[in-house]
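The structure appears right after this line, and notes come after that.
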Amino acid sequence: MSERRQAVLGILGGGQLARMLAIAAAPLGVKALVVDSATDACAGQVAPLVVADWTDYAALEAFAAQVDVVTFDFENVPAETAHWLAEHVAVFPAPHALAIAQDRLAEKNLFRECGLQTPDFMTVATRGDLDRALATVGAPAILKTRRLGYDGKGQFRLKSAAEADAAWEALGAQASKHGLILEAFVPFECELSVIAVRSRDGDFRTWPLTRNWHTDGVLSMSLAPAPDIDELQQRATTLARTLAERLGYVGVFALELFVKDGELLGNEMAPRVHNSGHWTIEGAHTSQFENHVRAVLGLPLGDTAARGMSTMFNWIGDLPDAAPVLCAVDAHWHDYGKQERAGRKVGHATLCAPDAQQLSARLTELATALGRETQAEPVVLAIS
Ligand code: AMP
């Protein structure tokens with residue numbers, strides 16, 4: 001019998017997403033190899049880690065020679081690195097899709113071309129542009145860097161035009177480097193995300209829509225399937241499919257949406273597995289992580305249907321006591337093995353139940369045991 005060779009998935013970025021991808025890859029018989037510039041990158045606890053930065057082409061060449069396909073845990077890998085790697089090994093999603101999702105302007109233009117409206121916005125290159133944009137877009141508004149912003153980073157919220165100087169002070173230096181946009185603040189009814197996956201041969205699937213709550217621009221809780229959204233599921237799925245096909249996208253992505261007056265507005269697209277899809281690990285037949293591994297390796301996709309209802313809490317800054325989660329029925333604890341630091345995502349927990357009523361009861365009980373009643377309140381309200 002000839003020696004069996006296991007497939008190797010190369011992952012750029014060694015954070016919790018890479019860690020969960022590597023864990024999902026294992027039952028498929030797929031090994032992971034991770035690249036990160038930090039020696040303590042948390043994916044390194046579950047997969048071999050190459051410590052190198054994005055311009056260390058000697059290390060990248062050796063990495064490319066060891067893997068069957070390369071994917072991302074981090075979308076801000078420089079475009080040149082992604083293009084360079086694509087000349088040596090299969091890279092999914094393709095570098096051109098990554099480049100669009102790295103730039104808020106290109107992304108918003110693509111959304112509009114695909115029939116998805118966005119909040120009003122204007123590009124800002126100078127302090128004078130900011131005044132002109134405020135006069136056109138109005139206030140409240142958010143000044144955002146076009147590139148390298150995530151989790152509310154690289155953003156300044158302006159309640160009124162009087163805060164223009166403060167906004168420029170905070171972000172003006174980025175204007176020439178990364179570009180800025182001023183975006184109208186949307187008083188949305190709720191935030192939703194579509195987690196979608198497209199295979200190498202064009203099979204496209206979505207998980208049920210997820211409803212999300214953010215605190216200071218960072219995801220705090222998710223609930224899936226999002227209740228009371230009726231025909232929005234179909235519309236959001238069609239938009240996600242249009243985007244995926246336009247980009248020739250392969251792998252999992254998240255489309256983040258605002259619901260305003262019953263209409264969908266596109267906020268952003270993450271070209272990777274996403275925090276609002278973590279519930280799929282225990283709450284769906286196939287998780288976003290497993291389907292991403294399957295998609296990029298050219299394997300058939302798995303069923304994306306939900307098992308009942310799920311809610312996910314993010315642990316930001318520090319971890320609470322694990323015991324209440326470990327003891328609760330159908331609750332699942334995830335510790336990313338990271339050092340605790342203010343604002344850092346260090347873990348999450350997912351709570352599942354067969355239906356909304358039981359989820360509400362279990363959530364109330366668990367939130368009380370954790371002392372997180374305030375965090376859980378909007379989710380409890382949304383389910384009941
Ligand atoms: P982002 O990094 O652009 O996804 O922003 C993070 C979070 O900030 C979003 O999920 C929203 O909760 C909030 N946010 C961003 N842009 C807007 C906007 N134009 N109007 C209202 N809230 C926003």
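None of the values given here were measured: they were computed from a predicted structure. Residues take their numbers from the sequence shown, with the count starting at 1. Read the numbers this way: they start at 1 and go in the same order the structure lists the ligands and their atoms. Quick note: numbers below take in every heavy atom, side chains included, and nothing from hydrogens, waters or symmetry partners.
Of the heavy atoms in M269, none comes closer than 4.0 Å to ligand 1. Proximity of V218 to ligand 1, defined as any heavy-atom pair under 4.0 Å, is not found for any part of the residue. Contacts with ligand 1 closer than 4.0 Å are made by no heavy atom of P187, backbone or side chain. With a 4.0 Å cut-off on non-hydrogen atoms, L219 does not touch ligand 1 at all.
Residue nearest to atom 11 (C) of ligand 1, selected from E191, H214, E183: E191 (by heavy-atom distance). The nearest non-hydrogen atom to atom 13 (C) of ligand 1, considering only Q155, E256, R157, E268, comes from R157.
Using a non-hydrogen distance threshold of 4.0 Å, A184 registers as a contact of ligand 1.
Close contacts between ligand 1 and G217 involve ligand atoms 6 (C), 7 (C), 8 (O) [criterion: under 4.0 Å to a heavy atom].
With rounding to the nearest 0.5 angstrom, the NE2 atom of H292 is 11.5 Å from the CG atom of L301.
Among H348, R344, Q16, the one residue that satisfies the side chain to side chain donor-acceptor pair (under 3.5 Å) test with Y336 is H348.
I142 shares a hydrophobic cluster with F185; the chain of contacts runs through ILVMFWY side chains whose heavy atoms sit under 4.5 Å apart.
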Which side-chain N or O atoms in residues 254-265 pair as donor and acceptor under 3.5 Å with protein atoms at least two apart or in another chain?
residue, atom, partner, partner atom, Å
E256, OE2, H274, NE2, 3.3
E263, OE1, R235, NH1, 3.4

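A side-chain donor-acceptor contact under 3.5 Å links R205 to the backbone of G302.
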